[in-house]
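Single-structure report; data block below.
To find a chain, count down the sequence lines: A is the first, B the second, and so on, and within it residues start at 1.
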Amino acid sequence: MSAPRRWLMKSEPDVFSIDDLARLETGGWDGVRNYQARNFMRDMAVGDKVLFYHSNAAPSGVAGTAEVCRAAYPDPTQFDRGDAHYDPKASPEEPIWLQVDLRFVSKFARLVPLDELRGMPALADMMLFHRPRLSVQPVSAAHWRIIAKRGG
DNA sequence: GCCAACGTTGGC
DNA sequence: GCCAACGTTGGC
């Protein structure tokens with residue numbers, strides 16, 4: 001088995017925060033409606049490590065870590081007419097959107113804010129800065145170590 | 001297959 | 001809440 005890969009996944013803390021994941025222990029990452037983000041989730045395996053990023057927050061930044069506890073499967077909200085993420089083009093026979101489930105691992109002693117990440121030359125090629133709207137993205141082991149150290 | 005219009009993300 | 005960036009849709 002290959003070493004677990006590393007990812008960054010964004011969530012608005014008003015909707016679902018690191019504290020919510022800590023309380024629930026596991027959570028489903030549904031509602032992703034972007035093809036590139038979906039494809040990254042398709043590549044995930046159980047045990048992959050995830051930086052939990054708070055977006056649209058004050059401040060935004062990396063709040064903790066999680067791990068993939070269930071590999072990609074069809075996101076049921078795409079079939080639910082009453083759901084904000086309903087997709088009329090999807091069907092149970094031909095699903096379009098995927099989700100993974102995450103298990104809480106750690107909450108950082110301090111949130112590592114975006115502007116701090118941005119100020120670090122060692123992180124300059126993070127996808128976070130070059131694909132600012134991508135909500136699921138890979139993270140190198142080196143970048144992971146730097147960020148986790150900052151989080152305490 | 002181009003590209004304008006539109007909708008959404010996410011920093012601030 | 002504003003709005004820039006950018007992904008997606010749809011007319012042609």
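Counting only residues at least two apart or on different chains, the side chain to side chain donor-acceptor pair (under 3.5 Å) pairs with a member in residues 23-32 of chain A are D20(A)-R23(A). Each side chain to side chain donor-acceptor pair (under 3.5 Å) pair with one or both residues in residues 128-137 of chain A, not counting sequence neighbours, appears once here: Q36(A)-R131(A). Within the structure, the salt bridge (charged side-chain N to carboxylate O under 4.0 Å, His left out) test picks out the following pairs touching residues 136-150 of chain A (sequence neighbours left out): E116(A)-R150(A).
With sequence neighbours excluded, the residues satisfying side chain to side chain contact (heavy atoms under 4.5 Å, CB included) with Y73(A) are R70(A), Q99(A), D101(A). Taking the side chain to side chain contact (heavy atoms under 4.5 Å, CB included) definition, one finds that S55(A) meets it with K10(A), E12(A), Y53(A), sequence neighbours left out. In this view, Y35(A) and W97(A) satisfy the ring-ring contact (aromatic ring centres under 6.0 Å, His included) rule, not counting sequence neighbours. Not counting sequence neighbours, D43(A) has no partner by the side-chain hydrogen bond (donor to acceptor under 3.5 Å, both in side chains) test. Taking the side-chain hydrogen bond (donor to acceptor under 3.5 Å, both in side chains) definition, one finds that D19(A) meets it with K107(A), sequence neighbours left out.
Counting any heavy atom pair closer than 4.0 Å across all strands shown, P59(A) reaches no nucleic acid atom. Within the 4.0 angstrom heavy-atom criterion, only backbone atoms of the sugar-phosphate kind lie near Y53(A); the bases stay farther away.
At a non-hydrogen distance threshold of 4.0 Å, nothing from residues 80-97 of chain A comes into contact with DNA chain B. Taking every heavy atom of residues 113-122 of chain A and every atom of DNA chain B, pairs under 4.0 Å involve L114(A), R118(A), by number. Using a 4.0 Å cut-off on heavy atoms, none of the residues of residues 30-39 of chain A approach DNA chain B.
Put simply, the side chain of H143(A) gets close to the backbone of A122(A): a donor and an acceptor are under 3.5 Å apart.
Between R33(A) and D75(A), at least one side-chain nitrogen of the basic residue sits less than 4.0 Å from a carboxylate oxygen of the acidic one, meeting the salt-bridge criterion.
In 5' to 3' order, the nucleotides of DNA chain B bounding all contacts with chain A (an atom under 4.0 Å from a heavy atom) are dG7(B) to dC12(B).
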